[in-house]
Each structure stands twice: as structure tokens, then as C-alpha cells.
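Order of the sequence lines sets the chain letters (A, B, ...), proteins ahead of strands, with each chain counted from 1.
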Amino acid sequence: MSDLLANLNPEQLAAVTLPAENALILAGAGSGKTRVLTTRIAWLIGTGQASPAGILAVTFTNKAAKEMLTRLSAMLPMPVRGMWVGTFHGLCNRFLRAHWKVAALPQTFQILDTQDQLSAVKRLLKGLNVDEQRAPPKQVQWFINGCKEQGLRAKDCEVRDAQSRLMAEIYAAYEAQCQREGVADFAELLLRTYEVLRDHAEIRQHYRARFRHILIDEFQDTNRLQYQWLKLLAGPNEAQPSAVLAVGDDDQSIYAFRGANVGNMDDYQREFHVHHLIKLEHNYRSHANILQTANALIAHNARRLGKNLRTEAGAGEPVRVIEQPTDQQEALWLVEEIRLLLRDGYARDQIALLYRSNAQSRVIEGALFNAAIPYRVYGGMRFFERAEIKHALAYLRLLDNPHDDTAFLRVVNFPPRGIGARTLEQLQDAARLRQVPLADAISALGGRGAASLQAFVDMLGRARVECAAMSLPDLVRHALDVSGLLEHYRAERDGQDRVENLEELINAATAFVTQEGFGLDAEALREQALSEQALQNLQAVDPATGETLSPLTAFLTHAALEAGDNQAQAGQDAVQMMTVHAAKGLEFDVVFITGLEEGLFPHENAMNEADGVEEERRLMYVAITRARKRLYLSHAQSRILHGQTRYNLRSRFFDELPEDTLKWLSPKAGAGGFGGAYRPTLRAAWNAAPAAPAVPFTPAVQASAPPHGLRVGQSVFHTKFGEGVILTLEGQGTDARAQVRFHRHGPKWLALNIAKLTPVN
DNA sequence: TCCTGTATGATTTTT
DNA sequence: TCATACAGGA
């Protein structure tokens with residue numbers, strides 16, 4: 001036990017050994033948060049204060065959950081596999097598989113991922129005869145998920161006008177459709193679990209009595225529903241509440257756009273009567289200059305819980321800042337700088353190129369490619385999201401559940417078997433009329449179409465029988481054969497990759513069976529299932545009957561819940577490229593933050609949102625704190641975006657950084673963000689200044705001047721709108737436009753060949 | 001059924 | 001600019 005606690009700093013030690021009461025740990029970037037979380041669990045178990053079964057630990061990503069389990073298994077003498085450590089969705093899935101009856105779901109319910117959900121919505125809208133103009137599918141999906149994340153069912157939706165009434169009606173129809181088909185989307189997993197806990201006191205009591213300790217990671221990212229769920233489970237106002245340990249960092253809250261509610265941290269402190277607030281401010285990652293830069297930036301945010309990172313590492317190198325004329329030249333400069341770093345002995349995978357939006361990666365990729373520097377871009381297609389894999393999974397889903405209409409429609413004519421759109425429309429009409437699954441509506445149809453459809457369903461039926469006794473990998477292979485999928489891709493000219501991916505799917509099935517312990521014989525499974533222990537060991541065992549989930553259902557669940565790696569090229573020794581969001585939680589020796597321009601970072605869309613700029617600033621804070629030894633910040637005067645050249649002002653964030661930690665590799669230009677007044681003299685001075693060759697590769701600092709003689713940041717006068725400041729200039733010749741923020745009328749776009757703008761001094 | 005042209009829209013993303 | 005989605009013709 002003393003081993004466990006050795007090498008913890010005083011704050012970490014305090015957090016680990018807190019009494020069994022609600023606590024909030026404000027864990028700064030690089031402060032050893034995961035270590036605290038896992039050590040706390042090990043300490044609770046090691047001191048006999050809790051049993052492994054009595055602990056619930058929740059994370060957001062599978063990666064974090066796995067990491068926690070790995071560390072725990074190194075710390076604890078007992079197996080950790082069965083512990084309730086997982087993602088919100090994973091744990092809710094486990095819960096629903098065990099309580100499927102009260103949850104009113106089939107035990108083999110399938111999980112719809114985002115794509116599946118969208119196609120389900122599209123199908124629904126067609127069926128309801130709702131014009132896609134009036135209710136764009138994406139918007140409907142967004143609305144439904146938004147409601148669910150607030151804990152709202154269709155009947156709870158506020159109806160204000162025709163549009164909101166329509167949305168609520170669609171939502172209601174969607175609920176019915178999912179229920180009929182036996183499928184649940186991601187948000188449904190949480191909402192359904194929440195409702196079961198809310199409406200069934202005996203179940204709630206059971207889990208409350210069981211989970212005396214609840215630990216939550218990344219608390220700042222929780223949404224309303226997740227918070228409500230926690231409240232039900234922990235019962236802060238009950239006689240014997242569970243002890244909750246929430247770990248989070250309000251400064252790293254960057255997911256408000258998908259429903260995360262930082263306010264949960266305040267609510268939590270109040271509603272859970274939190275006495276213990278511990279700040280982990282000791283950073284073990286970055287040099288002092290980098291931390292100071294981060295601290296200074298984030299200090300510009302209001303309404304923080306308050307926290308300042310410190311380190312015992314030395315000041316280290318200054319933060320390097322550079323301005324380049326164009327995005328192209330920014331990329332070339334990156335390449336040169338990376339060459340030098342590599343020559344100095346930095347490992348390729350210790351160099352990260354961060355950007356605000358994915359579109360920015362193209363130029364950089366091009367430059368790296370030309371320079372023959374290996375790179376890896378994060379955030380592409382994930383394994384289980386590939387079209388061929390989704391097709392294969394659809395066949396597997398139909399074997400498991402013939403009523404899964406989403407899967408049915410996906411593959412009924414893929415590979416092509418002569419079932420046209422016309423036939424499918426008739427089938428859907430017939431099914432809708434009778435309120436039955438598509439497969440059951442075929443008999444109502446006549447003609448050639450019906451025969452082809454029947455052949456398809458018969459094929460599935462035969463396969464279902466043949467597969468009954470097969471092992472999971474055999475079953476997958478068999479499905480790929482009978483469906484004709486494999487053959488189809490083999491015949492295709494460019495199908496080689498897809499064939500390989502399908503082979504990989506069989507491998508994944510093999511690995512799944514081995515890892516998950518589904519290879520155990522049925523009798524052993526059944527015996528285990530009867531004990532409470534089994535409920536933990538197997539993801540899905542009915543506690544009443546001991547009935548276990550089939551390996552196929554478990555595999556499909558696994559595929560939906562863990563979509564696999566989203567790293568395109570798995571080449572290890574490569575420069576790492578990713579969005580700032582994707583970089584959260586990672587760290588690198590060298591970090592480049594690129595494209596630091598007004599409109600890009602902070603992003604223009606964020607400026608119109610409430611607290612948008614603050615979230616952008618937190619994003620920048622996250623980016624800065626990824627760096628261990630060396631940090632570069634770069635921006636370009638002009639950039640091609642959506643095919644048009646835009647002249648962007650340097651990001652306002654530069655003006656919020658301390659001068660003494662920065663080193664300008666190019667002469668610092670005057671004028672900063674929009675907050676302060678524009679200072680034309682400084683800018684003029686910079687334009688005249690000679691380029692200082694701070695690094696071997698320094699392109700000329702002169703941007704190609706926009707032809708109309710106007711500059712971003714310039715004050716102008718318009719006869720109708722009065723005075724304003726130019727925010728953006730783009731386009732050329734007659735297409736040239738300017739975005740101007742007028743003092744009295746706000747920002748407006750103006751065509752420069754029409755609008756008369758007079759420079760003001 | 002497949003192919004080709006055009007329209008459209010383009011932060012950030014995990015489950 | 002550029003990718004993707006969908007409509008319409010062969």
C-alpha cells in the first residue's frame with residue numbers, strides 16, 4: 001500500500017486518500033489525473049473500504065477506460081476485467097442488456113451509430129411524407145439527440161410553433177420506429193438507462209447499495225443527462241449517498257458544441273454538497289515558459305473555477321512565434337523547421353502539427369509529402385465505419401435480428417440482385433400500412449420484385465440456420481460468402497483494399513472471441529451466469545435466468561460501441577497531424593499550432609455563439625499545454641479557404657500571451673485582435689521593416705497586397721453604415737468582398753465593386 | 001443499373 | 001476548392 005502512495009505529491013495524495021465523501025478534483029493539464037483516479041480505486045480496494053464490485057468508474061472514451069483498466073490490473077492482485085469501469089455508453093449498454101425486460105428492449109437490441117441513425121431518420125421522413133426541405137435529416141437528427149441529451153422524450157418537447165410541432169412529431173415517430181425495429185441509438189442507451197433507474201425503485205436501490213464509490217473522469221464534458229444519471233445513481237440527498245469523485249478541468253472544456261455542460265461542475269458542488277475541492281496544479285509535462293504562456297492566455301476567461309499550473313522544470317526555450325505571407329509558405333516553413341528538429345534528434349512521432357479545422361491539413365500534407373517526411377493524420381474513417389464493413393455488419397445484424405430494417409435496406413440490393421427502388425418503395429409502403437418489419441411485408445407484394453425479395457430473405461433464413469452452431473469467426477466468413485459480398489469486391493477493379501478489410505473483420509471476430517472469453521463452453525457460462533460475479537464478467541447475462549448473449553450480438557455491440565482506430569496511416573514513426581480537439585489528452589516534445597488567425601482560430605462561427613470565444617480560448621489552452629519542450633505558434637497573412645484567398649488578421653490570442661515568454665521569429669506586426677484599437681502606425685512600421693533572418697529558412701515577410709488597397713484591420717467609412725473596421729477581405733477583381741464590422745450596424749459583407757468604402761484615419 | 005453532370009455546402013467529435 | 005450527394009439520362 002505504501003508503494004502505491006509513494007511518489008504522489010501532497011495534493012495527489014490528499015485526493016487519493018479522501019474520505020468516502022463527495023469531492024471535486026480540479027486536475028490541470030498534465031497533472032497526473034489518471035494516476036490519481038486509478039490509485040484512488042486501488043487504495044479503496046487495498047484498504048478494504050470497497051470491493052471491486054462496489055466501484056463504478058466512468059470515462060468518455062474507450063481509450064481512457066482501457067488505460068484505466070490496464071493501470072488497475074498492474075496495481076491490484078485480482079482480475080479487473082469484470083469491474084464496472086467503462087464509458088457512459090458501454091456501462092449503460094451493460095445495464096440494459098441485464099435489465100432488457102424492464103427497459104422494454106429485445107435482449108439482442110442493436111445499436112445505431114451516427115450513420116445508421118441518419119439513414120433511419122431519412123427513411124422515416126420519406127415514410128411520413130415530410131419534405132426534406134422543411135425538415136433536413138441532419139437537423140432532425142441533431143434535434144432528436146439534443147432532446148435525448150436533455151432527458152426529453154417526444155412528449156416532453158415544448159411546442160411553440162408549426163416547426164417545433166413538426167419536429168416533436170417526427171421525434172415521436174422516430175421513437176416508435178426504433179422501438180418497432182429493436183434498435184437504440186447512442187443517446188438512447190443513456191436515456192433508457194436513466195429512465196429505468198428513475199422508474200424502478202428496486203433496481204435503483206440495488207445499484208445504489210452496490211456502487212458505494214462512483215468516479216467520473218473528464219467531468220467538464222458531461223451533459224445534462226449524464227449529470228442527472230449520476231444524481232439518480234449516487235443519490236446525494238438520500239440517507240446513504242454514494243461517494244462521488246469527480247475529476248475534471250473547466251479550462252479544458254471544449255465540447256460545449258456537442259452538449260457538454262461545464263455548468264455541471266458548479267451544480268455538482270452545490271447539489272452534492274461537496275466539501276472537498278482539491279486542485280492539482282503541479283504540471284509534470286511542460287517547461288515553465290510554455291505553462292506561463294498557457295496560464296496567461298486562460299486568465300482572459302471569466303467565470304473560471306480558478307487554477308494556475310506550475311512546474312519544477314526550468315524555463316526552457318521560449319515559445320517561437322512566426323508570421324508567414326501565405327498558408328503555402330507557412331507549410332514550407334513547417335517542413336524546414338521539422339527537418340532541423342529531426343536533424344537535432346527529435347523523434348518524428350514527438351512532433352505534432354495542430355490546427356483548428358481539418359481543412360487546414362491539406363496544404364501541410366502536401367508540403368510534407370513533397371519533402372518526403374512521413375506523417376500521420378488523425379481523424380479519418382474508422383475501421384467499423386468503412387462502407388464494406390458496414391455492409392458486412394448489416395448482414396450479421398440481419399442474422400441476429402430479421403426486423404432490423406436499417407440493415408435490411410442497406411444490403412437488400414448490395415451486392416446488386418435486381419431489387420430496384422420502385423420495389424423497395426412498395427415494400428416500405430406495405431410494411432408501414434401493416435406496421436410490420438420489411439421482411440414480413442413481402443407476402444403483400446406481387447410481381448417480379450416480390451420474388452427477388454423473397455429469395456433474399458430465404459437466403460438470410462438459410463444462413464441463420466447454418467450459422468446456428470458455428471463459431472463467431474466461421475459465422476462471419478460464412479455470411480460474407482453467402483451474401484456474395486466478398487465475391488462482389490473480389491470482382492471489382494479497385495476492390496482489393498475492401499477485400500482485405502473484410503478479411504480483417506474475420507480476424508477481429510477471432511480476436512474478440514479469444515479476448516472476451518466467449519470461447520467458454522455453454523455449461524460453464526451458465527454456471528457462472530448464476531452468480532453475481534458473472535454479471536460483472538460477461539457483458540450481458542440476465543441475472544434472473546442466467547441467459548447469456550450470443551457472441552454475435554456481443555460482437556455487433558462491440559463494433560457499434562468501439563468503432564476502432566481512426567488513424568488513417570498506422571505508420572508509427574511519423575510526424576503527427578491532428579485537430580486541436582483530437583490532441584486533447586496527448587502530449588509531444590514539440591508542438592506546432594498553425595493557422596492562428598482571426599476567423600480560423602478563434603473560428604468565425606464561434607464569435608456569434610454565446611461564450612464562443614471563451615471556448616476557443618480554452619481550445620487554444622489545450623493546444624498549448626500539449627507541448628513538453630518546444631512550442632511554435634504560426635499564422636499566415638493570407639490563406640486559401642473554399643477556393644478563395646482570405647486575408648486574415650493575426651489571432652487575438654497573440655495579444656493575450658506574455659511578451660517575455662515569446663520569441664518572434666518574424667518581426668512582430670502591430671495591431672492585434674478586435675478588442676483593442678487598431679494601430680496603423682505600427683503596422684506601417686512593420687511593413688517597412690526588413691525581414692529578420694531568425695531561422696535559416698525565412699521567406700520574405702511581404703504578403704502579396706490585396707489589389708484594392710484595403711487592409712484587414714483598416715478603419716473605413718460607408719455612406720449608409722458609417723464607420724467600421726475591415727474584418728476580412730477575400731476574392732479578387734469584381735468578386736472582391738469585404739467583411740466590415742460597423743460600429744453601429746455590426747458585421748456586414750460588402751461587394752467592393754459596388755460598395756464605396758473610404759479609408760479613415 | 002450505372003454513369004455522369006451538377007448542386008451544395010464546408011468547425012470541432014465520441015459513443 | 002473540393003468532396004460528396006443526388007438527379008437524370010443511356
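- With B/dT13, B/dT11, B/dT14 as the choices, the nucleotide that has an atom nearest any side-chain atom of A/His581 turns out to be B/dT13.
- Here the CD1 atom belonging to A/Ile364 is positioned 9.0 Å from the CG atom belonging to A/Asp327, to the nearest 0.5 angstrom.
- The distance from atom CD1 of A/Ile254 to atom C1' of B/dT12 is 8 Å, rounded to the nearest whole Å.
- Contact annotation for A/Asn358: backbone-only contact, meaning every heavy-atom pair under 4.0 Å involves sugar-phosphate atoms and none involves a base.
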Go through A/Tyr621 and A/Gln252 one step at a time and tell me if the side-chain hydrogen bond (donor to acceptor under 3.5 Å, both in side chains) criterion holds. CA-CA 7 Å; A/Tyr621 175 78; A/Gln252 292 191 70; 5.9 Å; no

Can you give me the N/O atom pairs linking the protein to nucleotides 3-9 of chain C at distances under 3.5 Å, or say none if there are none?
unit_1	atom_1	unit_2	atom_2	d
C/dA3	OP1	A/Arg362	NH2	2.6

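- Side-chain proximity of A/Thr87 to the nucleotides B/dA10, B/dT12, B/dT15 is greatest for B/dT15.
- Residue-level contact check: A/Asp221 touches neither bases nor backbone, having no heavy atom under 4.0 Å from any strand.
- Rounded to whole Å, atom P of B/dT15 lies 8 Å from atom CZ of A/Arg258.
- By the ring-ring contact (aromatic ring centres under 6.0 Å, His included) test, A/Phe60 pairs with A/Phe88, sequence neighbours left out.
- Across all strands, A/Tyr255 comes closer than 4.0 Å only to sugar-phosphate atoms, never to a base (heavy-atom distances).
- The backbone N or O of A/Arg71 lies less than 3.5 Å from no partner atom in the side chain of A/Thr38, so there is not a single donor-acceptor pair.
- As judged by a 4.0 angstrom heavy-atom cut-off over every strand, A/Glu218 is placed among residues making no nucleic acid contact.
- Between the base of B/dT15 and the side chain of A/Thr114 there is a donor-acceptor pair shorter than 3.5 Å.
- Across the protein-nucleic acid pair, A/Asp113 atom CG and B/dT13 atom P stand 17 Å apart, rounded to whole Å.
- By the stacking rule of 5.5 Å between ring centres and under 30° between planes, A/His89 does not stack on the base of B/dT15.
- Across all strands shown, A/Glu616 has heavy atoms under 4.0 Å from base atoms, whether or not it also approaches the sugar-phosphate.
- Candidate nucleotides B/dT12, B/dT15, B/dT1 were compared by shortest atom distance to the side chain of A/Phe186, and B/dT15 ranks first.
- In this structure, a donor-acceptor pair under 3.5 Å is present between the side chains of A/Thr557 and A/Arg97.
- Atom-to-atom distance recorded for A/Thr625:OG1 and A/Leu297:CG is 10.0 Å, nearest 0.5 angstrom.
- Nucleic acid contact class of A/Asn413 (heavy atoms, under 4.0 Å, all strands): sugar-phosphate only.
- Within the nucleic acid shown, A/Phe257 comes within 4.0 Å of at least one base atom, counting heavy atoms only.
- Ranking B/dT14, C/dT1, B/dT12 by closeness to the A/Thr579 side chain, first place goes to B/dT12.
- With hydrogens and angles left out, the side-chain atoms of A/Asp404 and A/Asn401 include no donor and acceptor closer than 3.5 Å.
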